[in-house]
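Okay, so here's the structure we're looking at.
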Amino acid sequence: MSASVLEDSSAVSRVDKVFFKLESLLNLAAGCVIVALVALATTNILGRWLFSMPISGYIDWVEQAMAFIAFLGIAYTQRMGGHIRMDILVGRFKGRWLWFTEFLSSVLMLVVTLLLIYGSYLHFWRAILLVTLLLISICPLGLQS
């Protein structure tokens, strides 16, 4: 499955080819991170099982790797026309119903994304307030020597 992209000798087409190479490289990097994550998980399991010594900070490493995996492959997936969703119902529609369901699913995902951004902002703001209150309680009159 690939996106239909017209190629010619224009400057935009040449820039597009450069971006495609960059996207492919980033996708390869995401694949390497996945292989490294599998190796890390195997090492952690074997270390825990054989030596009772798990890898320190394993969960933090996995969380960081997940961000790399998600973000490094996005541009390549978009270029290839891929997506992350289920086409069980939408794939059966044709014509106007297909366009309507595509539009409806896009609007619903926009709403979900906005709600997630709002919730993330609230958590961020709460963390900032907690740090501010902690600093005020430690040093109520400002910087003291």
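Note on Leu28 and Val33: separate hydrophobic clusters, where clusters join Ile, Leu, Val, Met, Phe, Trp and Tyr whose side-chain heavy atoms are under 4.5 Å apart, directly or indirectly. Residues Ile59 and Met66 fall within the same hydrophobic cluster, defined by Ile, Leu, Val, Met, Phe, Trp and Tyr side chains chained together at heavy-atom separations under 4.5 Å. Both Leu104 and Phe93 belong to a common hydrophobic cluster when Ile, Leu, Val, Met, Phe, Trp and Tyr are linked at side-chain heavy-atom distances under 4.5 angstrom. No path of Ile, Leu, Val, Met, Phe, Trp and Tyr side chains, each step under 4.5 Å between heavy atoms, connects Phe68 with Ile74, placing them in separate hydrophobic clusters. Under the 4.5 Å side-chain contact rule for hydrophobic residues, Tyr121 and Val131 do not share a cluster.
The CD atom of Glu23 lies 7.5 Å from the CG atom of Asp16; values are rounded to the nearest 0.5 Å. How far NE2 of His123 is from OH of Tyr118: 11.0 Å, rounded to the nearest 0.5 Å. Rounding to the nearest 0.5 angstrom, the gap separating the CZ atom in Arg96 from the CG atom in Leu98 is 12.5 Å. To the nearest 0.5 Å, atom OG1 of residue Thr113 and atom CE of residue Met109 are 5.0 Å apart. To the nearest 0.5 Å, atoms OH (Tyr58) and CD1 (Ile45) are separated by 6.0 Å. Here the straight-line distance linking atom CZ of Phe100 with atom OG of Ser105 works out to 10.0 Å at 0.5 Å rounding.
For the pair Ser13 (side chain) and Ser9 (backbone), a donor-acceptor distance under 3.5 Å is absent.
Across Leu50, Asn44, Leu46, a single residue satisfies side chain to side chain contact (heavy atoms under 4.5 Å, CB included) together with Arg48, and that is Asn44.
When every heavy atom of Lys17 is checked against every heavy atom of Asp8, the shortest pair comes out as NZ-O, 4.4 Å.
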